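This report refers to the structure that appears directly beneath it.
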Amino acid sequence: MMALSAKYGGMKVITLDPTPNCPCGQVADKQIVAEYSDVKAIEELAKESDVLTYEFENVDLNALKDVADKVKVPQGTNLLYITKHRLREKNFLRSAGCMTAPYLPVKNMADLKAAIKKIGYNCVLKTCEGGYDGHGQEVLKSDADLENNEHIKEILATGDCILEGWVPFKVEASVMVARNAKGEVPVFPVSENYNAEEILHISIVPARVSKKIYDKAQAIARRIAEAIHLRGILGVELFILDNGDIYVNELAPRPHNSGHYSIEACNFDQFDVHDRAICNWPLPKIKLLSKVVMINVLGQHVAGVRKIIPQKSNWHFHDYGKAEVRHNRKMGHVTILTDDIEKTLQEINDTHIWETKVN
Ligand code: AMP
């Protein structure tokens, strides 16, 4: 999607991805097929490019550092250094004045037990690096969950970990924010998000929260963009509590699944704004043109969604062109512009394609 937006703007795109004919490779001018840690391939990419961008936090930091003096990497390596490691990210968020879940670093079982004593149940153990969509996490509710728990051992074996207190949030939300070198900071509308098995299921925009909370969420995103000297786009994931407190859950240094609604629903979408920001084009004020619901199409939804296309003239179907359909793999999404969010959610529920119902 980032490549498509770049192409509309007249840019040429080369992508590096280990899967031949990957989704981006299908629309880019060229694909280099290589691992994200392949220094030689990253050097080749740098040599052929004017500007290098990453849209994935598991890119090899050292490989990126190696080429940062040979090609422009507007997002820089510090953004990746902070956001690819949960503990560094939480420390940064606190230093920027944001509220987060209580957390402690954990390296082994003794640390874990000591951390649980301080934080208490319920809590969640997470790997510091490499986790996504709930991978590398274990929710702990009592001492019984610690006994003979192979998953905990696996998580601890990966290296640095973090224990977080469980946040009894009322709503999960997210805000996309961007910044260019001139310091222009467009902030996107607030998205209300629902997960199924820790994978984003539905985003509703604008989030159904009070104006005060809505404005506060956008202000937090703006503050983070300034504090991290952001270049490009950043996804800010939030927990909104009953008392109006907003905790920052995590940051994504790239376009984010919960921002896909912006392709149809905003004057400029998150990919346009990212491409503009890293090329130091001027950045627009973002306007929401319509209320919108975005729903993910995972492997198990593909057949149902394909079947329903003839009945849904007003649904925008996106298919990422991934070759292999797997359970819980993100294969595409559907965007529905609407005047009535509740009616649209009901329309989605009535298809019975998705097990998780949101009202
Ligand atoms: P993460 O990969 O850290 O974003 O976690 C995936 C999902 O798990 C989040 O979107 C939340 O729904 C849930 N989650 C993770 N950490 C916490 C927490 N400390 N408190 C409450 N829910 C959490």
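Start at 1 and go down the list; that is how both ligands and their atoms are numbered. Nothing here was measured: the structure is a model prediction, and the numbers come from that model. All heavy atoms count here, side chains included; hydrogens, waters and symmetry mates do not.
Nearest-residue assignment for atom 10 (O) of ligand 1 (options Glu172, Glu89, Glu197; heavy-atom criterion): Glu172. In this comparison of Tyr194, Trp166, Tyr103, the heavy atom closest to atom 14 (N) of ligand 1 sits on Trp166.
Gln300 and Asn328 share a donor-acceptor pair across their side chains, judged by distance under 3.5 Å alone. A donor-acceptor contact closer than 3.5 angstrom is absent between the side chains of His256 and Ser174. One side chain, Thr53 or Gln75, offers a donor N or O that lies under 3.5 Å from an acceptor on the other. Side chains of Asp60 and Tyr54: no donor on one and acceptor on the other come within 3.5 Å. Counting only N and O atoms by type, the side chains of Asp17 and Tyr36 include a donor and acceptor under 3.5 Å apart.
No salt bridge links Asp160 with Arg86; every basic N to acidic carboxylate O contact stays at or beyond 4.0 Å. Under a 4.0 Å N-O distance rule, the pair Lys12/Glu48 does not qualify as a salt bridge.
Counting atoms of ligand 1 from 1 in the listed order, those under 4.0 Å from a heavy atom of Glu198 are 6 (C), 7 (C), 8 (O). Distances below 4.0 Å separate heavy atoms of Glu237 from the following atoms of ligand 1: 4 (O). For ligand 1, the atoms closer than 4.0 angstrom to any heavy atom of Arg86 are 2 (O), 3 (O). Contact atoms of ligand 1 toward Glu164: 16 (N), 18 (C), 19 (N) (distance under 4.0 Å to a heavy atom of the residue). Remark: ligand 1 atoms within the under-4.0 Å shell around heavy atoms of Val167 are 18 (C), 20 (N), 21 (C). Proximity to Asn195 (heavy-atom distance under 4.0 Å) selects the following atoms of ligand 1: 7 (C), 9 (C), 10 (O), 12 (O).
For ligand 1, none of its N or O atoms has an N or O atom of Phe239 under 3.5 Å away. At least one N/O-N/O distance between Asn249 and ligand 1 falls below 3.5 Å. Taking distance alone, with nitrogen or oxygen atoms compared against 3.5 Å, Ala101 stays at or beyond that limit from ligand 1.
Residue contact check for ligand 1: Gly165 places a non-hydrogen atom closer than 4.0 Å to it.
Note that the CD1 atom of Ile162 and the CZ atom of Arg88 stand 11.5 Å from one another [nearest 0.5 Å].
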